[in-house]
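Just so it is clear, the values below take in all heavy atoms, side chains as well, and ignore hydrogens, waters and symmetry mates. Lettering of chains follows the sequences in order, A, B, ..., and the numbering in each one begins at 1.
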2 protein chains.
Amino acid sequence: MTDASSPSATSVQAPRSSRDKLLDSAIACFDEHGLTGMTIEQIRRHANSSVGSMYHHFGNREGLIAALFLQLLDDQIARSRAEIDAATTPRQTVRALVHGYLDWVTHHPVEARFMYAARSEVATSSSAGSLKEKNKQRFGPLLAVLKTGVESGDIRSLPRETFASLLVGPSENYCRAWLSDRVSGAPVDHTDVFVEAAWRAISTSPID
Amino acid sequence: MTDASSPSATSVQAPRSSRDKLLDSAIACFDEHGLTGMTIEQIRRHANSSVGSMYHHFGNREGLIAALFLQLLDDQIARSRAEIDAATTPRQTVRALVHGYLDWVTHHPVEARFMYAARSEVATSSSAGSLKEKNKQRFGPLLAVLKTGVESGDIRSLPRETFASLLVGPSENYCRAWLSDRVSGAPVDHTDVFVEAAWRAISTSPID
DNA sequence: GTCATATTAGAATAATATTCTAGAATTGTA
DNA sequence: TACAATTCTAGAATATTATTCTAATATGAC
């Protein structure tokens with residue numbers, strides 16, 4: 001497991017908080033039993049904690065799942081941020097976005113599986129607002145870059161609300177398939193294919 | 001509600017079986033309470049049935065969810081089949097596939113939301129095999145058409161396992177966003193955008 | 001009609017989530 | 001340091017929900 005499986009980036013020696021131990025345990029129990037199969041009791045025992053502590057930190061089961069989901073989403077965004085910020089051209093930005101996504105899922109398969117399984121639940125929970133915010137945070141700067149591209153004639157003028165789907169849709173679909181064993185090649189190994197597809201979808205001159 | 005929300009295509013007057021009433025009730029309860037929130041007791045009451053009947057037909061909660069999922073998947077496949085079979089060129093086939101998907105989700109939003117919510121659970125259940133089979137059934141003929149396209153030079157030679165993602169990934173991503181109220185335009189209204197993107201992704205001459 | 005099988009019913013049980021009260025640890029403040 | 005306020009932990013008690021079980025009822029084959 002990479003270090004990203006510990007929810008918060010603590011130093012090597014720092015004892016993780018009880019809250020973080022519970023989140024770590026939730027991922028472990030999810031991996032073993034699935035989202036529906038994992039129980040409060042399993043998580044509590046794995047973390048050497050108590051149900052009281054659990055409910056103190058997260059309110060209820062849904063709150064635990066939402067907290068874990070949002071923390072992983074933060075990690076996912078943070079890890080591709082440097083790459084995206086370093087990009088100067090629209091094409092580089094697209095590559096950074098797609099590669100960042102494929103790379104994160106490839107190296108955090110359990111976390112990614114959890115996120116796909118929990119997303120629709122989080123989207124209808126009381127944390128739905130935070131989710132929307134983070135999505136804006138993720139795609140906001142990108143949409144700005146694309147807007148200038150549209151003005152300069154490099155990027156096609158398309159319905160704004162379809163851009164994100166055109167860019168990451170194929171990657172997301174492939175990652176889900178990979179995590180369900182429907183395909184075997186690691187997502188990141190198809191970076192060129194998915195970057196090219198994203199570029200073709202939005203570029204005015206798809207074959208440079 | 002369209003007629004497709006009744007799981008089996010019975011005639012107008014035919015009294016639905018107890019099994020079908022339970023499946024209908026499950027969709028209704030899902031719509032009201034979400035996948036995690038819907039309970040056996042709610043479904044049973046809505047269907048005027050009993051828990052015994054429930055467990056007789058489906059074994060357990062997971063079995064009910066899987067049965068409903070697979071039945072909806074059948075409906076989804078069946079409804080785009082005519083359009084796909086009628087297509088003669090690769091481009092027409094791609095359009096039929098993408099349009100069929102967008103159209104079904106647009107007109108069966110509750111069913112589609114259920115499928116997205118339940119998919120990862122079904123994929124790890126004992127019905128995972130049936131799911132894989134139906135997916136092959138769906139994309140098998142299509143991959144054959146594409147193969148001839150590759151041989152004739154019209155379709156790019158790409159890793160086989162990425163084709164499905166390139167074709168339906170953006171559509172699926174957009175449909176999820178629509179069902180979560182992150183975008184407002186009905187999926188089917190963006191048919192041209194997503195067909196064009198799919199074609200650009202796989203065609204050797206994307207701008208005809 | 002009668003047997004075998006499929007289906008339904010609902011009470012009883014088991015598994016699980018959640019609440020609640022008390023106590024321990026921690027933090028802020030004088 | 002002392003002390004109060006607050007946060008955190010513990011785990012028994014409770015509530016909710018899924019599942020099992022036994023018996024009764026319908027359905028279909030012969």
Side-chain angles (χ1 to χ4, degrees), chain A residues 7-8 10 14-69 71 114 117-118 120-122 124-127, chain B residues 7-8 10 14-69 71 114 117-118 120-122 124-127:
Chain A
S8 74
T10 55
R16 287 160 308 146
S17 69
S18 161
R19 188 174 186 278
D20 286 349
K21 275 196 285 188
L22 285 166
L23 290 174
D24 275 0
S25 299
I27 275 285
C29 292
F30 164 79
D31 190 25
E32 194 168 353
H33 303 101
L35 190 63
T36 303
M38 79 181 188
T39 71
I40 300 290
E41 168 60 17
Q42 284 162 15
I43 297 166
R44 178 207 67 71
R45 185 176 40 225
H46 187 283
N48 276 315
S49 187
S50 65
V51 291
S53 194
M54 182 107 193
Y55 280 84
H56 170 76
H57 288 298
F58 304 109
N60 55 24
R61 192 190 138 98
E62 177 185 283
L64 166 72
I65 289 170
L68 181 52
F69 181 93
Q71 189 155 321
F114 171 83
S120 67
E121 196 173 330
V122 175
T124 58
S125 77
S126 55
S127 308
Chain B
S8 74
T10 57
R16 287 161 309 146
S17 68
S18 160
R19 189 175 185 278
D20 285 350
K21 276 196 286 188
L22 285 166
L23 291 173
D24 276 359
S25 299
I27 274 285
C29 293
F30 165 79
D31 190 25
E32 194 169 351
H33 302 101
L35 189 65
T36 303
M38 80 182 188
T39 71
I40 300 289
E41 169 59 19
Q42 284 163 14
I43 298 167
R44 179 206 66 72
R45 186 175 41 224
H46 188 283
N48 276 316
S49 187
S50 64
V51 292
S53 194
M54 182 106 194
Y55 279 83
H56 170 75
H57 287 298
F58 304 109
N60 55 24
R61 192 190 139 98
E62 178 184 281
L64 167 71
I65 290 170
L68 181 52
F69 181 95
Q71 189 154 319
F114 171 82
S120 68
E121 196 172 329
V122 176
T124 57
S125 76
S126 55
S127 307

Could you go through nucleotides 23-29 of chain D and list every protein N or O atom that sits under 3.5 Å from one of its N or O atoms, giving the distance for each pair?
none

Sequence-distant partners of A:F114, ring pair (Phe, Tyr, Trp, His ring centres under 6.0 Å), two or more places apart | A:F30
Distance test, side-chain N/O of B:H56 to OP1/OP2 of C:dT7, below 4.0 Å = yes
Would you say B:Q71 and B:D20 make side-chain contact, with heavy atoms under 4.5 Å?
-> yes
Has the side chain of B:R44 got a donor or acceptor atom that lies under 3.5 Å from a matching backbone atom of B:S49?
-> yes
Hey, does the side chain of A:H57 come within less than 4.0 Å of D:dT9's phosphate (OP1/OP2), counting only N and O?
-> yes
Qualifying residues under side chain to side chain contact (heavy atoms under 4.5 Å, CB included), relative to B:S126, sequence neighbours excluded | B:E62
Can you tell me if the side-chain N/O atoms of B:S50 get under 4.0 Å from OP1 or OP2 in C:dA9?
-> yes
Quick one: B:R44 CZ to D:dT19 C1', roughly how many Å, whole number?
-> 15 Å
Five-pair end axes of the helix from C:dG1-D:dC30 to C:dA30-D:dT1, angle between them (10°) = 30°
With a cut-off of 6.0 Å (strictly less than), are more than 12 heavy atoms of other residues, nucleotides or ligands near CD of B:E41?
-> yes
For the pair made of CE in B:M54 and C1' in D:dC21, what is the distance, rounded to whole Å?
-> 17 Å
Do any N or O atoms of the protein come closer than 3.5 Å to N or O atoms of nucleotides 12-17 of chain C, and which pairs are they?
unit_1: C:dA17; atom_1: OP1; unit_2: A:R61; atom_2: NH1; d: 3.1
unit_1: C:dA17; atom_1: OP2; unit_2: A:I40; atom_2: N; d: 2.8

Enumerate the residue pairs fulfilling ring-ring contact (aromatic ring centres under 6.0 Å, His included) with a member in residues 36-67 of chain B, sequence neighbours excluded, ordered by first and then second residue.
-> none
Sub-4.5 Å side-chain heavy-atom contact between A:L64 and A:L23 | yes
How many angstroms lie between CG in B:N48 and CG in B:L22, if you round to the nearest 0.5 Å?
-> 10.0 Å
Whole angstrom is fine here: how far is it from CZ in A:F58 over to C1' in D:dC8?
-> 13 Å
Output the distance between atom SG (B:C29) and atom CG (B:D24), rounded to the nearest 0.5 Å.
-> 11.0 Å
Which distance, rounded to the nearest 0.5 Å, do you find between the CZ of B:R61 and the OG of B:S125?
-> 13.0 Å
Gap between atoms CZ and C1', on B:R45 and C:dA9 respectively (whole Å) = 16 Å
Given atom CG of A:L22 and atom P of D:dT9, what is their separation to the nearest angstrom?
-> 8 Å
Residues B:I65, B:M38; criterion side chain to side chain contact (heavy atoms under 4.5 Å, CB included); working and verdict | CA-CA 11 Å; B:I65 290 170; B:M38 80 182 188; 4.1 Å; yes
